[in-house]
*Asks:* 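I have a structure I would like to understand better, so I am pasting it below and will then ask my questions one at a time.
Convention: sequence-line order gives letters A, B, ...; per-chain numbering from 1.
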2 protein chains.
Amino acid sequence: MQDLLFDFISKYVSLTDDEKNAIVSFDVFRSFKKGTTLLKEGQKSNDGYFVLKGCIRVYYVIGGDEKTTAFYTEMEAVTPHCVINKAPSDYYISCVEDTILILSNPDMEAEMFNKFPKFETLCRILAEEILAKQQINFDEFKTSSPEQRYLNLLQKRPDLVQRVPQHQLASYLGIKPQSLSRLRGRILEKDKG
Amino acid sequence: MQDLLFDFISKYVSLTDDEKNAIVSFDVFRSFKKGTTLLKEGQKSNDGYFVLKGCIRVYYVIGGDEKTTAFYTEMEAVTPHCVINKAPSDYYISCVEDTILILSNPDMEAEMFNKFPKFETLCRILAEEILAKQQINFDEFKTSSPEQRYLNLLQKRPDLVQRVPQHQLASYLGIKPQSLSRLRGRILEKDKG
DNA sequence: TGAATACGTTCACTTAAGTTAAGAAATGCT
DNA sequence: AGCATTTCTTAACTTAAGTGAACGTATTCA
């Protein structure tokens, strides 16, 4: 399991055994059952997440219903907004599947940055890379219709469409579940005709 | 002008005079006339931008027309995707107004990170903070209607609505200029009634 | 300064998403 | 296994965005 992490990191910086051991010594690997809530609205937390296996989901509760805005799957990382700005969370995070995560928090990061500056480089590069990807994602979202967004998702993250409930996918696409159903029907019709 | 930069940085890390001089020595302050194109589709570039004064705009040309996806104004920074992934740019960046920018590039950053590790900390914190803001932004976009997005923009960046042409604002809101016109009329009606 | 271009608004019409409701299918739980 | 709940789909109707066109008003620039 740890190898998954170190293989991932090796794409960005090379770690000595010392550095690897330092990570392991923090004992950050955690397993969660499907449905587990990791973060609640109103809650303060210091935990960042890196998904080793499984899928977690960010959602808001607005006017009584859930609005899903993000899914994180294997080798994706997220530091919740509430960790950055030290305020109560605006949203929930829960496990879509049985999930294995690596937890991080600012104290642990500070200690690591101090001992091994290389880790700060890693985090900077990761943040910059994720930010750039996020921007492209947002751009695509803005410049396309719900139908295009769905087709795009089928291309880019076909696994998501399988492993995630439709109604959660719908709000991820910025539409209602009924519209997603209809839209899928429309696409099937086109493929036939 | 430089003070604007150093005041901004001082919110994150404190710089010595040596460090300030190092920045200045890179001679990174640049002025551009309204309408100047900073980056073109297909072009490779290494420049990141920090807006000291003015406004720059990111847009795609899709099927012959412009889709504006971002505006950066005073004290906002952007590193184009093409700089991160070293590929030709998918989009254009141009100046909405006469603009003063600070240019950065990976070589210069590497040198600074080397001499003053504090700069890497600054960049990491900035990237993390911008990423968190961007995520909230994206979440708001996904969970609201074009009308709500416009009202939200009026609240959060009222200046933008003034300084930017309507048709550019429209695609920024994910809709057509005609729809923005109509939508604004609708809001005015409501306010009256 | 005058012609050309770009910009914003309005309108009529089309298309697609939101809403409400109902029912079928899948899932979870005891 | 059987009941309850959640999830997905369908349908009819409403609302809003997309489209194409027209028109008046800046802006640009030769």
Side-chain angles (χ1 to χ4, degrees), chain A residues 33-37 55 57 59 61-68 71 92 94-98 141-154 160-190 192-193, chain B residues 33-37 57 59 61-68 71 92 94-98 141-154 160-193:
Chain A
K33 281 273 164 216
K34 173 176 177 176
T36 307
T37 298
C55 178
R57 162 184 159 247
Y59 63 99
V61 175
I62 299 176
D65 42 35
E66 293 183 3
K67 306 265 191 180
T68 297
F71 296 100
Y92 296 78
S94 74
C95 299
V96 173
E97 306 170 344
D98 289 354
F141 193 94
K142 273 186 191 164
T143 58
S144 58
S145 66
E147 183 169 329
Q148 289 172 316
R149 296 199 291 253
Y150 176 71
L151 291 169
N152 195 246
L153 193 70
L154 280 177
L160 260 198
V161 183
Q162 301 306 320
R163 60 209 282 202
V164 154
Q166 295 296 305
H167 68 283
Q168 292 175 8
L169 259 194
S171 54
Y172 183 67
L173 293 169
I175 58 177
K176 304 284 160 182
Q178 298 92 318
S179 298
L180 178 56
S181 258
R182 177 169 42 196
L183 177 161
R184 295 175 70 213
R186 214 161 51 218
I187 291 171
L188 283 177
E189 278 310 307
K190 281 182 199 164
K192 263 196 272 172
Chain B
K33 283 274 164 214
K34 173 177 175 176
T36 307
T37 297
R57 164 183 157 249
Y59 63 99
V61 174
I62 299 176
D65 43 35
E66 293 183 3
K67 307 266 191 179
T68 298
F71 296 100
Y92 296 79
S94 74
C95 299
V96 173
E97 307 170 343
D98 289 354
F141 194 95
K142 272 185 191 163
T143 58
S144 58
S145 66
E147 183 169 329
Q148 289 172 316
R149 297 199 288 253
Y150 176 70
L151 291 170
N152 196 247
L153 194 69
L154 279 178
L160 259 198
V161 183
Q162 300 307 319
R163 59 209 283 201
V164 155
Q166 295 295 307
H167 68 283
Q168 291 175 9
L169 259 194
S171 53
Y172 182 67
L173 293 169
I175 58 177
K176 303 285 159 180
Q178 297 94 317
S179 298
L180 178 55
S181 257
R182 178 168 42 197
L183 175 162
R184 295 175 71 212
R186 213 160 54 216
I187 291 171
L188 283 177
E189 278 310 305
K190 283 182 197 162
D191 282 358
K192 265 196 271 174

*Asks:* Given 3.5 Å as the limit, does a donor-acceptor pair link the side chain of D98(A) with the main chain of K33(A), or not?
*Replies:*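 It does not hold such a pair.
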
*Asks:* What's the angle between the local helix axes at either end of the helix from dT1(C)-dA30(D) to dT30(C)-dA1(D), using five pairs per end and rounding to 10 degrees?
*Replies:*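 Taking the rotation axis at each end, their angle is 60°.
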
*Asks:* Taking side chain to side chain contact (heavy atoms under 4.5 Å, CB included) as the test, write out the residues that go with Q178(A), two or more places apart.
*Replies:*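 Q178(A) satisfies side chain to side chain contact (heavy atoms under 4.5 Å, CB included) with K176(A) only.
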
*Asks:* Please report, rounded to the nearest Å, how far the C1' atom of dG28(C) is from the CD atom of E97(A).
*Replies:*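 Rounding to the nearest Å, CD of E97(A) and C1' of dG28(C) are 17 Å apart.
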
*Asks:* Under the rule for side-chain hydrogen bond (donor to acceptor under 3.5 Å, both in side chains), what residues qualify as partners of Y92(B), not counting sequence neighbours?
*Replies:*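 Expected list: none.
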
*Asks:* Tell me: CG of L173(A) to P of dG18(C), nearest whole Å?
*Replies:*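 From L173(A) CG to dG18(C) P: 11 Å.
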
*Asks:* For D65(A), which residues count as a side chain to side chain contact (heavy atoms under 4.5 Å, CB included) partner, sequence neighbours excluded?
*Replies:*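 Per chain and number, D65(A) pairs via side chain to side chain contact (heavy atoms under 4.5 Å, CB included) with K67(A).
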
*Asks:* Excluding sequence neighbours, so at least two apart, what forms side-chain hydrogen bond (donor to acceptor under 3.5 Å, both in side chains) with R182(B)?
*Replies:*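 Counting only residues at least two positions away or on another chain, R182(B) forms a side-chain hydrogen bond (donor to acceptor under 3.5 Å, both in side chains) with S179(B).
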
*Asks:* One character per nucleotide, please: for nucleotides 15-30 of chain D, 5' to 3', B when the base has a protein heavy atom closer than 4.0 Å, S when only the sugar-phosphate does, - otherwise.
*Replies:* -SBBSB----------

*Asks:* Rounded to whole angstrom units, what separation is found between the NZ atom of K142(B) and the P atom of dG18(C)?
*Replies:*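 Rounded to whole Å, this separation is 15 Å.
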
*Asks:* Who pairs with R184(B) by side-chain hydrogen bond (donor to acceptor under 3.5 Å, both in side chains), at least two apart in sequence or on another chain?
*Replies:*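 Expected list: Y150(B), Q166(B).
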
*Asks:* Rounded to the nearest 0.5 Å, what separation is found between the CZ atom of R163(A) and the CZ atom of F71(A)?
*Replies:*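 Rounded to the nearest 0.5 Å, the CZ-CZ separation comes out at 10.5 Å.
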
*Asks:* Checking S145(B) now: which residues fulfil side chain to side chain contact (heavy atoms under 4.5 Å, CB included) with it, not counting sequence neighbours?
*Replies:*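 S145(B) satisfies side chain to side chain contact (heavy atoms under 4.5 Å, CB included) with E147(B), Q148(B) once adjacent residues are dropped.
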
*Asks:* Checking S94(B) now: which residues fulfil side chain to side chain contact (heavy atoms under 4.5 Å, CB included) with it, not counting sequence neighbours?
*Replies:*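 Residues passing side chain to side chain contact (heavy atoms under 4.5 Å, CB included) with S94(B): T37(B), R57(B), Y59(B).
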
*Asks:* Polar pairs (N or O, both sides) under 3.5 Å between protein and nucleotides 5-8 of chain D?
*Replies:*
residue: dC8(D); atom: OP1; partner: Q166(A); partner atom: N; Å: 2.8
residue: dC8(D); atom: OP2; partner: Q166(A); partner atom: N; Å: 3.3
residue: dC8(D); atom: OP2; partner: H167(A); partner atom: N; Å: 3.0
residue: dC8(D); atom: OP2; partner: H167(A); partner atom: ND1; Å: 2.7

*Asks:* Which whole-number value in Å describes the distance from D65(A) CG to dG18(C) P?
*Replies:*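 Taking atom P of dG18(C) as the reference, CG of D65(A) is at 12 Å.
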
